[in-house]
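It should be emphasised that the depicted structure is a prediction, and the values quoted were computed from it without experimental measurement. In what follows, every chain begins at residue 1, and chains take the letters A, B, ... in the order their sequences are listed.
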Protein chains: 2
Amino acid sequence: MTQQTTKAKRVEETGRAPGFVSDYLLYLLAAASDAASAQFHAKVRKAGLRVPEWRVLACLADTDGAMITQLARRALAEQSRLTRIIAQMEDRSLLIRRSDPADGRRVRVYLTDSGRALAAELVPQAQKHEAALMEMLQGNEGAQLKPALKSLLAALEAQEDWQG
Amino acid sequence: MTQQTTKAKRVEETGRAPGFVSDYLLYLLAAASDAASAQFHAKVRKAGLRVPEWRVLACLADTDGAMITQLARRALAEQSRLTRIIAQMEDRSLLIRRSDPADGRRVRVYLTDSGRALAAELVPQAQKHEAALMEMLQGNEGAQLKPALKSLLAALEAQEDWQG
DNA sequence: ACAAACAATATGATTTTTCATATAGTTTCG
DNA sequence: CGAAACTATATGAAAAATCATATTGTTTGT
């Protein structure tokens, strides 16, 4: 019983219980994503952006002139949400919207100079933060993490292509 | 230029661009978490639960009688949000709240029989779904994923304990 | 060329989530 | 003991996200 009390106390303190959840892949993914993002997302907000806005900015820095639907996928946000985020970012002159001459339904989104400047400030910070995270994971666990995630993503996308 | 056109077209189709984002750890974590969860979360909603409710249910199935703050951490939700989720789940008789006799500020949450029954239905489904995901990742990438995530989480929590 | 089917974006209404702070209970320490 | 500091939960107001669907433009098949 001394054993039990000690264990219960440790569980209480660490917030980590044994059992199903703490070894469940979807929990580990969501918890790791949340925890790993927390610090950097705080910086993003201090830079005056909300998280989805930062994602859009980063996506556009990679691929300028993307359309709303693509941005929604890449920035992990829903389409109608993206439409509104883009509108707000346009109001703040971080980007501009232009309808695609080749297909009038499409709206292509381009960074403005100030949007590009903000991206040029934040992307290196993101990379620095990422490097710090990777350094926490020295050893082969660290080396395997990104490839494993990519391969999971690839498998899931392949599945989607067949099914939905 | 034939090369370029082909590449641009593939990017357009797959929605995956080269560049910073597609190799960025925080993107990979968030995207993998979203994609991996999507199917199962659809089942959760068909079972009449929202995602945070399912998480609470699973946490309580592991550790009954947890307090709100603990549940918030484990279910990856903010405290005030948890308070409301718990209230709604209590209205639906999935759980009951009891104030802790040892410390009147604390509210301990216990599954009801019907809450436990729902958990007993969903947890095995979650495990089955998880097994299917792991099967997609045969080879050592799969074997390394969970340990890598756990070790990242552990490192981040250790950091939090020092800093804030 | 025209209608039907399809695709991309936008919008109104609602729900979910967050933020700041209030409330209630507990511990610490002079 | 009693005030100050602290902890756990609750709550009102505001912001963010989602859902269903409208709108606009394009493609397909006849």
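One can place CZ of A:Arg106 at 18 Å from C1' of D:dT23, the figure rounded to the nearest angstrom. Rounded to whole Å, the distance from CG on A:Leu82 to C1' on D:dT18 is 13 Å. What separates CD of B:Gln88 from P of C:dT16 is a distance of 7 Å, to the nearest Å. Counting to the nearest Å, the C1' atom of D:dG12 and the CD atom of B:Glu78 are 14 Å from each other. Nucleotide D:dA15 holds its C1' atom 12 Å from the CD atom of A:Glu53, rounded to whole Å. Rounded to whole Å, atom P of D:dT9 lies 9 Å from atom CG of B:Asp100. Atom pair B:Asp103:CG and D:dC6:P shows a separation of 17 Å (rounding to whole Å applied). The distance from atom CZ of A:Arg45 to atom P of D:dA15 is 16 Å, rounded to the nearest whole Å.
Put simply, the side chain of A:Thr112 gets close to the backbone of A:Leu94: a donor and an acceptor are under 3.5 Å apart. A distance-only check finds a donor-acceptor pair linking the side chain of A:Ser114 to the backbone of A:Ser93 [under 3.5 Å]. Put simply, the side chain of B:Arg108 never gets that close to the backbone of B:Arg98: no donor and acceptor are under 3.5 Å apart. Judged purely by atom type and a 3.5 angstrom limit, B:Asp62 uses its side chain to pair as donor or acceptor with the backbone of A:Val21. A donor-acceptor contact shorter than 3.5 Å is absent between the side chain of A:Gln144 and the backbone of B:Ala148. Panel note: side chain B:Lys146, backbone A:Leu28; no donor-acceptor pair is recorded below 3.5 Å.
If you find the closest nucleotide of DNA chain C to B:Pro101 and to B:Pro52, the one lying nearer the 5' end belongs to B:Pro52. Comparing A:Gly104 and A:Ile85 by the nucleotide of DNA chain D whose heavy atom lies nearest to each, the residue mapping closer to the 5' end is A:Ile85. Each of A:Ala102 and A:Ala77 was matched to the nucleotide of DNA chain D holding its nearest heavy atom; the match closer to the 5' end belongs to A:Ala77.
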*asked:* How would you summarise protein contacts on nucleotides 10-15 of chain C per nucleotide, using B for base, S for sugar-phosphate only and - for none, with heavy-atom distances below 4.0 Å?
replied: BBBB--
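The side chain of A:Arg105 lies closest to D:dT26, out of C:dT9, D:dT26, D:dT7.
With A:Arg116 as the fixed residue, the side chain to side chain contact (heavy atoms under 4.5 Å, CB included) test singles out one of A:Leu60, A:Asp64, A:Leu95: A:Asp64.
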